[in-house]
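These notes concern the structure reproduced below.
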Amino acid sequence: MSDIPKADELFKSIDYNPPTTGWMETPVDFSPGHWCYPAKPEKIEYMDSKLPGLWGPAREWLPSNDDWKLPPNWKEIVVNGFRERLKKFRTLQVYMDICVRCGACADKCHYFIGSGDPKNMPVLRAELMRSVYRGEFTLAGKILGNLTGSRVMEEDVLKEWFIYFYQCTQCRRCSLYCPYGIDTAEMTMMARELMHLVGLNTNWIMEPVANCNITGNHLGIQPHAFKDIVDFMVDDIEEVTGRKVKAPLNEHGHEILFITPSGDVFADPGIYTFMGYLLLFDYLDLDYTLSTYASEGGNFGSFTNNEVMKKLNAKMYAEAERLGCKWILGGECGHMWRVVHQYMDTMNGENQWSGMTTPKSPITGTVFETSAATKMLHITEFTSDLIKHNKLKLDPSRNDHLRVTFHDSCNPARGMGLLEEPRYVLKHVCNNYFEMPEGTTREQTFCCAGGAGLNTDEIMEIRLRGGLPRGNALRYVQEKHGVNLMACICAIDRATLIPLADYWAPGVGISGVHELVANALVLEEGEVRTMDMRQEPLPGFEDEDDDWTPPNMEDA
Amino acid sequence: MTFDTVLAEQKARLAKGWAELILRTYPKETQKVWTRQRDRFQNPVGAAILEATGDLMNLVIDWKDAKEIAASLDRLIRIRAVQDFSPSQAIGFVFLLKKLIRDEFFKAMEKDGTLADLLRFEARIDNLALMSFDIYTKSRDEVFRLRVEEVKRSQSNLLKRAGMILDVTADQSAD
Ligand code: SF4
Ligand code: SF4
């Protein structure tokens, strides 16, 4: 019973005056629900055996306990690591120095907008790090301390980092509004790197990292099981379309390697998008293969540190070389494209094998010069080019039961500027398309609040409040236009937007873009479909299966 | 003039006062930003507070439409149920209306001997609190349901493969 507050405590809690302490002194709540579960020790041991020296001690620990079992010299490790990175990453040094605290970013973060917690204002989130920078590395900070908003690295400060740098999805919305272009997401990345050095980590990130390193996908599925699952989907596609599609896996000598997030292979509703790819490629008779070793397009390493991000990313070129593919077609994924677009060429450009060429559509002949550096093409660029050249026979009326809006996932939108292609595709495969209000889409899109490794159920409240701005805009088009489906081009979104929509705009479903492409794709002249990719009856065919009466209801 | 009429005449001002009190349940820095930002898409919490208090003032004075009242309460409670509040803090905003009304009218009504009217009105606020309790509990249940469903969904294809999900449809079922 000790968890139930006593009457006088309750009485006090009905005092509505918020804390009057300054934000820096306001204590942090470490009770469950405020943090993601720490990584299992065996995951850390495994990663430490592969990339030693980056992970701190492997151990059982819990943020709700006082003792986080940090290594004795943790402070030295963090401060030295900070110093090293200030030298190594010029941006970090600049971002530490140039913020003028103008506050333009203050109300731009979805976590602040939804929670009202000032430490979720990007400027204050960054200040968690900047205050230490001043306290440890600048003369004024060292002498004047608190007067300049400086503090030295103490355990409380580190613990606060753990809470707040895991309440940043690295979405970069704040940086869009900063007159100096300060990118708080990059600071979050650095803070997380430093925390990893002393063993502060989360299982939802580290388990996929370890699994991706072992088997190539985030659940650690081995190749034979992966094949079984893909075969299931091939059967389901046949059930819907009557067509038995090819699903080449680990085959040598094809022109294209197709890589997509493994979430689309395992998780509802991503699987329907995956089926969409298979159907489209079969229809085109595309010369491609999937790889089980590079079966995770998403890069969970990018949520930890540069080294793992690079290692996991390298797998894409390694598989292209092993299988002899000339270029890589990438599926609907968020952070995969952030990594490809912003880091891949620098990190692994030299690992491209000599046979790689700039992506060229074998169907239309279009050469995608914008992908010349990485040799990786986004599926919506590929498909919109097909549509533009009239290479797909489409019947958008098959999606007439859907009233669709599009959620710009942060990474493709802000990380690579992919704004038009998915819309172009959607408008050709559905008749009912509606935009959410200005200021909530395109570059200014609101995050799903589940990116950067936060898509785990133990912080559902944090995700839901962070998802409020997106949910609120969605609710608006639901009420105004009857929208009942939000499409997106990111596997994490396809997972995390479901509870978000259920909570803030109940009745709106979530899908990928290529699920809708598959619905609309006319495989041959006169093809009639009775159900969509989810095996739900299409309008006009609702009654087909409905002549069954539950046994005990016959007389009713 | 009935107390309802008095309230109706001042409802805009009262709703605003109530909204301000609710806003004060958030930290100072936040209050500043949320008072300034008027765009309902950029500041959904601020907008929900303003709109819900406005609607509720009308509805409580009318005291006819329980469904509408629940819908308005739901707008705010759904938000506060996932913010960092204890349950009592999350729904305590209802009692801020009581506080406001007492601050505004108690002394004068005591003098005129019309306190009974005030108490009658307060009974409505107590009712709001009870409804809020139900709505809060429903919202929390929803959060837990979302957690469970998410875990199931994230591995749906694996469960299928392991034969742990049975896809029974009418034509395959024995009866
Ligand atoms: S990057 Fe996104 S989540 Fe992080 S502080 Fe900026 S707006 Fe918030
Ligand atoms: S907008 Fe840029 S300069 Fe202004 S407070 Fe935010 S990070 Fe600092």
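Just so it is clear: chains get the letters A, B, ... in the order the sequence lines come, proteins before strands, and each one is counted from 1.
Atom CZ of A:F446 sits about 4.0 Å away from atom CD of B:Q42, to the nearest 0.5 Å. The CG atom of A:L500 lies 10.0 Å from the CG atom of B:L146; values are rounded to the nearest 0.5 Å. Between B:E149 atom CD and A:D457 atom CG the span is 12.0 Å, to the nearest 0.5 Å. Atom CZ of B:R153 sits about 11.5 Å away from atom CD1 of A:I271, to the nearest 0.5 Å. To the nearest 0.5 Å, atoms CZ (B:R78) and CG (A:L468) are separated by 11.0 Å. With values rounded to the nearest 0.5 angstrom, B:Q37 atom CD is found 8.0 Å from A:I113 atom CD1.
Annotation: B:K98, atom NZ; neighbour count of heavy atoms from other residues, nucleotides and ligands within 6.0 Å is above 12. Within 6.0 Å of CZ in B:F133 there are 12 or fewer heavy atoms belonging to other residues, nucleotides or ligands. For B:R13, the CZ atom counts as densely surrounded, since its 6.0 Å shell holds more than 12 non-hydrogen atoms of other residues, nucleotides or ligands. Other residues, nucleotides and ligands contribute over 12 non-hydrogen atoms within 6.0 Å of the NZ atom of B:K138. By the neighbour-count criterion of 12 heavy atoms within 6.0 Å, atom CD of A:E438 is sparsely surrounded, having that number or fewer from other residues, nucleotides or ligands.
For B:Q83, the parts lying under 4.5 angstrom from a heavy atom of chain A are both the backbone and the side chain. Contacts between A:D231 and chain B at a heavy-atom distance below 4.5 Å are absent for every atom of the residue. For A:F266, the parts sitting under 4.5 Å from any heavy atom of chain B are the backbone and the side chain alike. Contacts of B:R40 with chain A are made by both backbone and side-chain atoms, with heavy-atom separations under 4.5 Å. Interface remark: B:V151 contributes side-chain atoms only to the contact with chain A (heavy atom separation under 4.5 Å). If you measure heavy-atom distances from A:M121 to chain B, the contacts under 4.5 Å come from the side chain alone.
For chain A, the option among B:N43, B:I22, B:V148, B:V143 with the highest count of heavy-atom pairs below 4.5 Å is B:V143. Chosen from A:G114, A:G270, A:G471, the residue pairing most often with chain B at heavy-atom distances under 4.5 Å is A:G114. Here A:H34 is the residue among A:Q444, A:H34, A:K108, A:M233 with the most heavy-atom pairs under 4.5 Å with chain B.
Smallest separation of non-hydrogen atoms from B:A81 and A:Y503: CB-OH, 3.8 Å. Here the shortest heavy-atom pairing between A:G116 and B:P27 reads O-CD, 3.6 Å.
Between A:D117 and B:Y26, the closest side-chain pair of non-hydrogen atoms is not below 4.5 Å. By the 4.5 Å heavy-atom criterion applied to side chains, A:F112 and B:T30 are counted as neighbours.
A side chain to side chain contact (heavy atoms under 4.5 Å, CB included) with A:R465 holds for exactly one of B:V82, B:V45, B:I79; it is B:V82.
Classification of the B:F41-A:Y476 ring pair by plane angle, with boundaries at 30° and 60°, yields perpendicular.
Taking 4.0 Å as the cut-off between side-chain N and carboxylate O, A:R463 and B:E150 count as a salt-bridged pair. Between A:E461 and B:R140, at least one side-chain nitrogen of the basic residue sits less than 4.0 Å from a carboxylate oxygen of the acidic one, meeting the salt-bridge criterion.
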